[in-house]
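As structure tokens, the structure follows; a few thoughts come after it.
As the structure lists them, so they are numbered: ligands from 1, and atoms in each ligand from 1. Only this structure's heavy atoms are used, side chains among them; waters, hydrogens and symmetry mates stay out.
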Amino acid sequence: MTVDLKELENQLLESVNGADNEAALEEVRIGALGKKGLISSQMKGLGKLDPEQRKQTGQALNGVKARISEALALRREVLKKQALEERLATENIDVTLPARQRDQGTIHPVSQVWEEIVQIFADLGFAVAEGPHIDTDWYNFGALNIPDEHPARQEHDTFYFHRDAEGNRKVLRTHTSTVQIRTMEKTAPPIRIIAPGRTFRCDSDQTHTPMFHQFEGLVLDKDIHLGHLKWCLLEFCKTFFEATDLKLRLRASHFPFTEPSMEVDVNCSWVDGQLKVGEGDNWMEILGSGMVHPNVIRAGGHDPDEVQGFAFGIGIDRLAMLKYGIPDLRAFFESDLRWLRHYGFSTLNVPTLAGGLS
Ligand code: DAH
């Protein structure tokens, strides 16, 4: 035996304890116990010894192997613990810190105002109704008492689809009034609905975008009159603008689907270039409304001698601009993160009548 086993063991133990990370320790292990390692090659040499020596050296080598294995395992534990402690010291996260605002999404002003409107009308007993964005000429115009060649068709800047084989063409709905007819067709009075949704017109400037949002209101029942309409809109406007002294002004107007028709203004003031709705002596138009035209009630499948109703249509984006002082409508749809962070609402701040709307 040329190698002093005691010395070999001491050398290996020194290497084991000197390894200062798990990778270095693994190299020591391979150098000692791997196929070509120091202990393994000593084992291979056993065959050349005579039986008595083979027995003694074999036993001694197994002892070295066992002690080195044990030392390796112990050292590995120490290094693992050390590595974990290092990570804990450098990667600690203070979970009590508040979440960073800039990593949060925000609720778009249109979604916020939409939800506020739904909350207010739900409290007044209205249900939410829906209709398709692509609709027929009939639902968008004909059934609403706007026959072919009626001038109102030109005013709507309609996006038309190609005519089909029968000559009919669909449109991107120009207003949510389409949902009036669709609701009347499938519902027996009393009807009380609002229909918020997207609408489309070929128009773009500071206060118009090709896609915008409206909501339609419809009430149909026996003995419904203008007083109901006025009360309902006043209630809505006071709650929405959070202004208890808000005043309404109803101005005679014309819509084909209502008779009589009214445009409705709210009082407002301009102070230092800032608009305040619900105070002051100026007036600002916010919606169109009226008593549902008998032809429209008939188109919806009901008898105008039996039931009457009122309807109104309001721009959601416009309401958002007025309530939250947002000057340019086009910015609503540009997805500019700085704009969204500035005008957006907290995701945790769900509008409710009890908890506050804005
Ligand atoms: N549909 C109208 C528009 O888009 C708004 C409107 C006015 C709706 C009067 C109504 C109404 O229901 O009665 O401009």
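Proximity of R201 to ligand 1 is established by a heavy-atom distance of less than 4.0 Å.
In terms of polar-atom proximity, T174 is not counted as a contact of ligand 1, lacking any N or O under 3.5 Å from an N or O of the ligand.
For the pair K323 and F241, the cation-pi criterion (under 6.0 Å, within 45° of the ring axis) is not fulfilled. Relative to the six-membered ring of F159, R201 misses at least one condition, a distance below 6.0 Å or an angle of at most 45° to the axis. Seen from the ring of F161, R169 does not count as a face-on cation partner, given the 6.0 Å and 45° thresholds.
When all heavy atoms of I68 and A32 are compared, the closest pair comes out as CG2-CB, 4.4 Å.
Using a 4.0 Å cut-off to heavy atoms of A311, the atoms of ligand 1 that qualify are 12 (O), 13 (O). Atoms of ligand 1 lying under 4.0 Å from at least one heavy atom of S177, given by number and element, are 1 (N), 8 (C). Applying the 4.0 Å criterion to heavy atoms of F255 picks out, from ligand 1, the atoms 7 (C), 9 (C). Which parts of ligand 1 touch G290 is read off a 4.0 Å heavy-atom cut-off, strictly below it: atoms 13 (O). For ligand 1, the atoms lying closer than 4.0 Å to a non-hydrogen atom of Q180 are 12 (O).
Taking each of E216, R173, Q214, E263 in turn, the one with a heavy atom nearest to atom 10 (C) of ligand 1 proves to be E216. Nearest residue to atom 6 (C) of ligand 1 from F212, F257, F215 is F257 (criterion: closest heavy atom).
Side-chain contact between F345 and H108 is absent, with no heavy atoms from C-beta onward closer than 4.5 Å. Between M211 and H213, the closest side-chain pair of non-hydrogen atoms falls below 4.5 Å.
For atom 5 (C) of ligand 1, the closest heavy atom belonging to the protein is G313 CA, 3.9 Å.
No chain of hydrophobic side-chain contacts below 4.5 Å, direct or via other Ile, Leu, Val, Met, Phe, Trp or Tyr residues, connects L72 to L74.
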